[in-house]
Amino acid sequence: MLTKAFSCSVLPAGEFAADSHAMHWIHKRLTRDGSDFQMKLLSWISGRDEPGEDDGHLAIVEDRGEIVGWARTAAWTHPSTRRWQTLEAFVSEPYRRRGVASFAAAGLVASSALPACGRVAVFRVRTMEGVARRIGLLPTFFTLDDGKWVRA
């Protein structure tokens with residue numbers, strides 16, 4: 001259960017990328033090794049790329065000033081279906097199963113970065129389906145099959 005010490009701020013990706021401390025912290029401590037988002041952060045940090053319109057928003061959850069988790073949305077076009085809003089999240093190990101990912105995702109909905117009761121794509125991790133459902137979204141799960149994203 002979250003305490004009053006938790007806060008959530010939602011930023012467009014461009015504003016997030018301007019916050020060097022948060023971007024480095026999340027890149028080093030709060031992403032999966034080799035994940036698409038970790039690679040995207042590295043390209044922003046190195047200056048090889050800048051966030052674009054499709055990079056969406058990030059909701060950053062802090063506990064007493066320390067970043068403990070995040071959720072983000074981005075636009076993604078599946079080659080054989082349609083354009084999707086995606087939802088992903090990552091939470092520091094000691095904070096997992098305490099509602100942090102749902103709190104962050106709800107921040108995205110409250111700030112209109114995700115439409116309330118809207119459809120979202122979630123990837124690889126089934127727990128994100130539960131996060132999306134808990135905040136009233138309609139998730140469609142995609143998994144990697146032979147190097148291609150397919151509906152599960």
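The basis for the numbers below is simple: all heavy atoms, side chains too, and nothing from hydrogens, waters or symmetry mates.
- Residue pairs meeting the salt bridge (charged side-chain N to carboxylate O under 4.0 Å, His left out) criterion with at least one member in residues 68-91, sequence neighbours excluded, are Asp54-Arg83, Arg72-Glu88.
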Please tabulate, for side-chain N and O atoms in residues 43-53, each donor-acceptor pair with protein atoms closer than 3.5 Å (sequence neighbours left out).
{"residue": "Ser43", "atom": "OG", "partner": "Lys40", "partner atom": "O", "Å": "2.8"}
{"residue": "Ser46", "atom": "OG", "partner": "Leu42", "partner atom": "O", "Å": "3.1"}
{"residue": "Ser46", "atom": "OG", "partner": "Ser43", "partner atom": "O", "Å": "3.3"}
{"residue": "Ser46", "atom": "OG", "partner": "Arg48", "partner atom": "N", "Å": "3.4"}
{"residue": "Ser46", "atom": "OG", "partner": "Arg48", "partner atom": "NH1", "Å": "3.4"}

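- With sequence neighbours excluded, the residues forming a side-chain contact (heavy atoms from CB on, under 4.5 Å) with Ala152 are Arg126, Phe141, Thr143, listed by chain and number.
- For the side chain to side chain donor-acceptor pair (under 3.5 Å) test, no residue two or more places apart in sequence or in another chain qualifies with Thr86.
- In this structure, the ring of Trp76 has its center less than 6.0 angstrom from the ring center of His78.
- Looking at residues two or more places apart in sequence or on another chain, you find a side-chain contact (heavy atoms from CB on, under 4.5 Å) between Ala113 and His57, Thr73, Leu108, Ser111.
- Shown here are the ring pair (Phe, Tyr, Trp, His ring centres under 6.0 Å) partners of Phe90, two or more places apart in sequence or in another chain: there are none.
- The side-chain contact (heavy atoms from CB on, under 4.5 Å) test applied to Asp19 returns His21, Ala22, not counting sequence neighbours.
- Residues satisfying the side chain to side chain donor-acceptor pair (under 3.5 Å) criterion with Arg151, sequence neighbours excluded, are absent altogether.
- Using modelled atom types, no side-chain atom of Glu15 and backbone atom of Leu11 make a donor-acceptor pair closer than 3.5 Å.
- Not counting sequence neighbours, Ala110 has no partner by the side-chain contact (heavy atoms from CB on, under 4.5 Å) test.
- Under the rule for a salt bridge (charged side-chain N to carboxylate O under 4.0 Å, His left out), Arg32 has no partner lying at least two apart in sequence or in another chain.
- Not counting sequence neighbours, the partners of His24 by the side chain to side chain donor-acceptor pair (under 3.5 Å) test are Ser20.
- Arg134 meets the side chain to side chain donor-acceptor pair (under 3.5 Å) test with Ser102; sequence neighbours excluded.
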